[in-house]
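All chains are named by letter (A, B, ...) in the order of the sequence lines, taking the proteins before the strands, and each is independently numbered beginning at 1.
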There are 2 protein chains.
Amino acid sequence: MTTRQGQTGGRSKGRVTLSDVARMSGVSAMTVSRALNEPQRVSEQVRERVQQAIDALGYIPNRAARSLAGTRSHTIAVVIPSVSNAVFNNVIRGIYDVCAPAGYEMLMGNTYYSVQQESSLISKFLTHHPDGMIVTGLDMADSTRRQLEAAAIPLVQIMEVGTSAPLDMNVGISHSDAGAAMARYMLERGYRRIGVLGAQMDYRSQRRIQGFVDVLAEGGLADDRRVLTTSEPSTVRLGGQLLADLLLRNPDLDAVFCCNDDLAYGAIYECQRRHIRVPQQLAIAGFNDLEGSACINPSLTSIQTPLYDIGKTAAQMLMRRLAGEVLQQPVVDLGFQLRARESA
Amino acid sequence: MTTRQGQTGGRSKGRVTLSDVARMSGVSAMTVSRALNEPQRVSEQVRERVQQAIDALGYIPNRAARSLAGTRSHTIAVVIPSVSNAVFNNVIRGIYDVCAPAGYEMLMGNTYYSVQQESSLISKFLTHHPDGMIVTGLDMADSTRRQLEAAAIPLVQIMEVGTSAPLDMNVGISHSDAGAAMARYMLERGYRRIGVLGAQMDYRSQRRIQGFVDVLAEGGLADDRRVLTTSEPSTVRLGGQLLADLLLRNPDLDAVFCCNDDLAYGAIYECQRRHIRVPQQLAIAGFNDLEGSACINPSLTSIQTPLYDIGKTAAQMLMRRLAGEVLQQPVVDLGFQLRARESA
DNA sequence: CTGAAAGCGCTTACAG
DNA sequence: CTGAAAGCGCTTACAG
């Protein structure tokens, strides 16, 4: 096996180009381009000869040249808080499943939940002149908002809906409604001393908690001391720690709403270690309904959010707009489902 | 809020270009380019004037033009089985944390564990003329191997090491060694009727199991009927189902090695439901040591794999090569750690 | 430290 | 169905 150390990249020289293919197949570059991009506009004979030349030469089209000369970059930029997050994985898969078959490349970047990093990421992405963009959330810096408006590309803001008018298109759910629904469910089940655990505390977690607490307040059951949050990332381990802290301050709790399923897993594990029976002594509920939530013991009551569909729908909206369609419904609320299981 | 429906992308006309900035700041395009890419080679006065013009005009550089004219695309292509997989998330984060600060964009695509999809994905990525590429695994189609050799860009094959010579660079661990280590550990602990559960069954899972079973065979303890695998994706739910099936055929098992932690979670949950005490009646071990494994009850014995570091190291190797360095060590074995906990 | 010329590899718009 | 010309917006290589 020969090593390739030292070679660091293809200098222009020596690359096989469209004209090489054209020369070999005895047609113009224009015709090769058509054979590649609009094969139906080229005679079958020519198409075959071109294909043979491509194979013989090992021709690889150059996207940079294509996007510079053409009107499209065939690229979609996706801005999310973090690729290493079970929630966004599902969203990404939905986007990918629509974009990839349509011939669009996905440019992906993390904001790490920082408005500032979001701004610089979007600026950077704009230099690729993506044909469309998907951005997480409705909140962004004003300067970014202006940049995006100036870029004038189709844009879908995802995850949440209803907190403010989107820049262009919007698909997601109402996190405050979802939080409220969980609170109502818990009240119906008879819980009265209800705690709340939150991590990460991005806008959507905050709205979830706000919606939840507002309903408790209506019943006169809100108590700030029962709400424990941190800006640390949401993990199973953290769920256990937070529950321990919360119980220390509020030994009399009869239920806890966790802002994320992984926190809820950690809380359930902590209860197991302390021999606290769930839900008999303490009910626990989560949010997002991740894959393991139906399997854990006790199975976890949670809010199922349409993560995959949010990604898929966002990408489809983009594709439709790129096909010239005018969308009647630029804002789509995909809704959520409360999954009542054993834990609460 | 004005809607932007109907606008589908920036036609070349009307874009602010380098020359516009040059004109406004009274220097040549060349100098603006330098002010942008090698600021230290331009006088501070000029740099300031150029920056003012950029701000005033809202100039956004065009990467397509840059990569067409230049020798670099400032893009790294990453080929993984699936973005929505906790294992690869960590790898991706490692890659991202090195590439993003270095000014490299990440192009990411899924093979969905298919050699065929891998081939077409790599062909597609090559049209972007990425400066480097990271590909999962050592096995690939011969045609792809040739394409990659012809492209002559730095390439790092990741995740596993030692099964065959890499095309260029390589970082990962030996999955058969890791499987073997787990088998030895279980034998030391006194387990003798040991089952194996596998899902997905990509090359690396296969090698994990092979390494594990080979050690059992040395002790005369291998039994095909105790190995249950499926090509379905690895999930918590599947872990429970597989364990149920395995116990049906082998009620006398005293331990089970699960090829992935999520299978192990499912197996533990299933034991809880059946009141099988872990590890007293049945020991359970996993692989990858995901975040929750230390928290579940009983805490999970697993093999910790350096996922983040694999990604980080691969990206660093690429960066070093792109900086012209010749690597003394093109193959890096990052090793693994057996985490002995309560479950086995 | 700064600039004029040429060209990267395609596609658009116009013909025929 | 096919082609000749021009140009997309940058950077390289060469000067000075």
Side-chain angles (χ1 to χ4, degrees), chain A residues 8-50 53-54 57-75 103 126-129 131, chain B residues 8-50 53-54 57-75 103 126-129 131:
Chain A
T8 53
R11 300 194 130 269
S12 333
K13 320 272 178 190
R15 269 188 198 162
V16 177
T17 71
L18 243 204
S19 340
D20 296 326
V21 176
R23 204 172 306 122
M24 182 162 180
S25 43
V27 296
S28 71
M30 196 50 259
T31 300
V32 176
S33 171
R34 279 199 200 94
L36 250 32
N37 299 314
E38 305 171 283
Q40 70 288 356
R41 289 188 50 192
V42 161
S43 71
E44 210 187 304
Q45 274 192 25
V46 170
R47 222 182 303 151
E48 270 173 27
R49 263 190 297 155
V50 167
I54 287 175
L57 295 168
Y59 169 66
I60 293 174
N62 185 322
R63 303 271 290 208
R66 171 144 103 121
S67 82
L68 184 57
T71 56
R72 296 269 173 100
S73 64
H74 301 270
T75 298
L126 251 16
T127 69
H128 289 265
H129 291 276
D131 295 334
Chain B
T8 54
R11 298 195 132 269
S12 332
K13 320 273 179 190
R15 271 187 197 161
V16 177
T17 71
L18 246 202
S19 340
D20 296 326
V21 176
R23 203 172 306 122
M24 182 160 181
S25 42
V27 297
S28 70
M30 195 52 260
T31 300
V32 177
S33 171
R34 278 199 200 93
L36 249 32
N37 299 314
E38 306 170 282
Q40 72 287 355
R41 289 188 51 193
V42 161
S43 72
E44 208 187 305
Q45 274 192 25
V46 171
R47 221 183 303 152
E48 269 173 28
R49 263 190 296 154
V50 167
I54 287 175
L57 295 167
Y59 168 67
I60 294 175
N62 185 322
R63 303 272 291 208
R66 171 144 104 122
S67 80
L68 184 57
T71 57
R72 296 271 173 98
S73 64
H74 300 272
T75 297
L126 251 17
T127 69
H128 288 266
H129 292 275
D131 294 334

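- Here the closest heavy-atom approach between residue B:A29 and residue B:A22 is recorded as N-CB, 3.6 Å.
- Going from atom CD of B:Q40 over to atom C1' of C:dC1 covers 12 Å, rounded to whole Å.
- Nucleotide D:dA13 forms no Watson-Crick or G-U wobble pair with any nucleotide shown, as no partner meets the under 3.5 Å limit on both distances.
- Counted within 6.0 Å of CD on B:E44, heavy atoms from surrounding residues, nucleotides or ligands total 12 or fewer; the atom is thus considered open.
- For A:N62, no side-chain nitrogen or oxygen approaches OP1 or OP2 of C:dC8 to under 4.0 Å.
- Residue whose closest nucleotide on DNA chain C sits further toward the 5' end, between A:R41 and A:V32: A:V32.
- One atom, NE2 of B:H129, and another, P of C:dG9, lie 8 Å apart when rounded to the nearest Å.
- Shown here, C:dA4 forms no base pair; nothing in the strands shown gives a Watson-Crick or G-U wobble contact with both key distances under 3.5 Å.
- For the pair B:L57 CG and D:dG9 C1', the computed distance is 15 Å after rounding to whole Å.
- Close to D:dT11, at under 4.0 Å from its OP1 or OP2, lies a side-chain N or O of B:S33.
- Nucleotide C:dT11 holds its P atom 10 Å from the CD atom of A:E38, rounded to whole Å.
- Within the 4.0 Å cut-off from OP1 or OP2 of D:dT2, at least one side-chain nitrogen or oxygen of A:S43 is found.
- As rounded to whole Å, 9 Å separates atom C1' of C:dG7 from atom CG of B:L68.
- Rounded to an integer number of Å, the gap from CG of B:N37 to P of D:dG9 is 17 Å.
- Following rounding to the nearest Å, A:L36 (CG) and C:dT12 (P) show an atom-to-atom distance of 13 Å.
- The one candidate from A:V32, A:N62, A:I54 that meets the side chain to side chain contact (heavy atoms under 4.5 Å, CB included) condition with A:L18 is A:V32.
- Not one side-chain nitrogen or oxygen of B:S28 sits closer than 4.0 Å to the OP1 or OP2 atom of C:dA4.
- Side-chain atoms of A:L18 lie closest to C:dC10 of the nucleotides C:dG7, C:dC10, D:dG3.
- At distances below 3.5 Å, not a single donor-acceptor pair connects side-chain atoms of B:S25 with backbone N or O atoms of B:R49.
- Along DNA chain D, the nucleotide nearest to A:V46 and the one nearest to A:A65 differ in position, and the one closer to the 5' end is contacted by A:V46.
- Contact annotation for A:R34: base contact, defined as any heavy-atom pair under 4.0 Å involving a base atom.
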After noting the C-alpha distance and the side-chain angles of A:V50 and A:V42, does the key distance pass the side-chain contact (heavy atoms from CB on, under 4.5 Å) rule? CA-CA 10 Å; A:V50 167; A:V42 161; over 6 Å; no

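- For the pair A:Y59 OH and C:dG9 P, the interatomic distance rounds to 10 Å; values are reported in whole Å.
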